[in-house]
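The structure under discussion appears below in the form of structure tokens.
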There are 2 protein chains.
Amino acid sequence: MPRPRSVATAAVRLDLVDRPESIPAVATRIAQSGGRIRTLSAVRRLDGTPPTAEIELEVEGLTEDALVAALDGLEDVRAVHLTRALGLVFGKRIIVVGGGAQVAQVALGAVSEADRHNLRGERISVDTIPLVGEEHIAAAVRAVADLPRARLLVLAGSIMGGDISVAADELRAVGIPIIALNMVGSITEHVDLVVSDPVQAGTMAVMAVAETATFDLERQRGRRY
Amino acid sequence: MPRPRSVATAAVRLDLVDRPESIPAVATRIAQSGGRIRTLSAVRRLDGTPPTAEIELEVEGLTEDALVAALDGLEDVRAVHLTRALGLVFGKRIIVVGGGAQVAQVALGAVSEADRHNLRGERISVDTIPLVGEEHIAAAVRAVADLPRARLLVLAGSIMGGDISVAADELRAVGIPIIALNMVGSITEHVDLVVSDPVQAGTMAVMAVAETATFDLERQRGRRY
């Protein structure tokens, strides 16, 4: 399973004139300085003359000072604020998708367990969305592959299968494991672990990604609790 | 308060050779085609010869076909998969930060309420992190300004003040409102709304951002429930 390497990342928030040419100019300057952009995200837009966008930018291979120096003097950069890379603040993400009643109970277990690990220096977030319907849930499962720092998905519901099971196989193929509640439908044949109690499912999800826990999902693969 | 405009966004996931020059090349090509990058995020890295990165890319002002055509033939692009913009799947984000016990109860209220609105076509996520300590919580409050699609923060705890209150003022200044539980410390003087019951705080947080609810945080500003 691919594991993100741990590399120092410098982070800034830019006020940038919002025109097509401004982002290539920033990207080119950073590359010339030897940095690699890891995240570039337009978080807000401000109307004005000219309109500007606030851009969250994380760069690997440059110190904070080198990053600020690289951006200095670029025509479209109006302000640079040092920030902290989101991975340092919000850390690894457990994603919980499914029916509201079950998602809330999985979140209860996961947040309680993350609290214990975060107290010991971990950083684990528990991110959730309640959704209904095969199409919407399958789209969310596929989109977990596009979420930065997503490490594990919990499928919390009472019946899932069809295209959700296809999407689950796709997600596991890119290296993101899945825990499902015990439920009706084919999904329980397409996940790494099946857990009947939602609070325990959330707890195990956090244990599976925490460095501070002794729980190896590899050794539990295919089991049901 | 700045509101994100709603503009069509095309999304792809790229397999890109992981070297500094590859991202400026992608950014330049997209700008030449008239697109504006809104998100560029390295979600996974794959060792290999050469090493590659999976890049989640969202672009405004281009159709999916035009985006794929723009990337076609770029030297470092090894594969392009159409995806869905994360905003369409996970929507607006409520962020809940604080002590595990309270965060879990706020999440319970927020997930239950988001379930009801998502059934009617909304897309609201509830994203949480349990944290302890003024320094860590203040850092998380500041970092909410850098999270894509974050629309409201709930501070869930029993005592918060000092630098957390400073960070709260900074976050509200960029246009992200805050609901706090009723608690010890100065924080309750630096938020938009104070709610004693955590389940209700989570419910109100979702109502405040849902288009499908009739709840106007502006009209509740400064109140305590």
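Proteins get letters first, then strands, A, B, ... in listed order; numbering begins at 1 in each.
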Polar side-chain atom of Thr128(A) near backbone of Val126(B) as donor-acceptor pair, under 3.5 Å: yes

Max heavy-atom pair count under 4.5 Å with chain A, selected residue of Ala145(B), Gly91(B), Gly100(B), Ala31(B): Ala145(B)

Spacing of CG belonging to Leu57(B) relative to CG belonging to Leu40(A), to within rounding of 0.5 Å: 10.0 Å

Largest heavy-atom contact set with chain B, pairs under 4.5 Å, which of His136(A), Arg142(A), Arg149(A): His136(A)

Salt-bridge contact Asp18(A)-Arg38(B) (side-chain N to carboxylate O under 4.0 Å): yes

salt_bridge(Glu21(B), Arg36(A)) N-O dist < 4.0 Å: no

Residue Ile37(B) versus chain A: region with a heavy atom under 4.5 Å: both

Interatomic distance, Phe90(A) atom CZ to Asp146(B) atom CG [nearest 0.5 angstrom]: 8.5 Å

Where Arg44(A) and Val174(B) come nearest, the two heavy atoms and their spacing: CD-O, 3.2 Å

Nearest heavy-atom neighbours spanning Val111(A) and Val103(B): CG1-CG1, 3.7 Å

Main-chain N/O of Pro24(B) paired with Thr28(A) side-chain donor or acceptor, under 3.5 Å: no

Residue Val206(A) versus chain B: region with a heavy atom under 4.5 Å: neither

Contact origin within Leu147(A) toward chain B - heavy atom pairs under 4.5 Å: both

Asn118(A) side-chain N/O to Pro130(B) backbone N/O, donor-acceptor pair under 3.5 Å: yes

From CD1 (Ile129(A)) to CD1 (Ile94(B)), nearest 0.5 Å: 11.5 Å

Per-residue contact mode, Gln32(A) against chain B (heavy atom under 4.5 angstrom): neither

Point-to-point distance, once rounded to the nearest 0.5 Å, from CG of Leu108(A) to CD of Gln105(B): 6.5 Å

Most contacts with chain B, counted as non-hydrogen pairs under 4.5 angstrom, among Ile30(A), Leu88(A), Val26(A), Thr39(A): Thr39(A)

Exceeds 12 heavy-atom contacts within 6.0 angstrom, atom CZ of Arg116(A): no

Residue pairs fulfilling salt bridge (Lys or Arg N to Asp or Glu O under 4.0 Å) with at least one residue in residues 123-140 of chain B, sequence neighbours excluded: Arg93(B)-Asp127(B)

Residue selection (most heavy-atom pairs with chain B, distance under 4.5 Å) from Ala143(A), Ala53(A), Pro148(A), Ala101(A): Ala143(A)

Which atoms of Val106(B) approach chain A - backbone, side chain, both or neither, heavy atom under 4.5 Å: neither

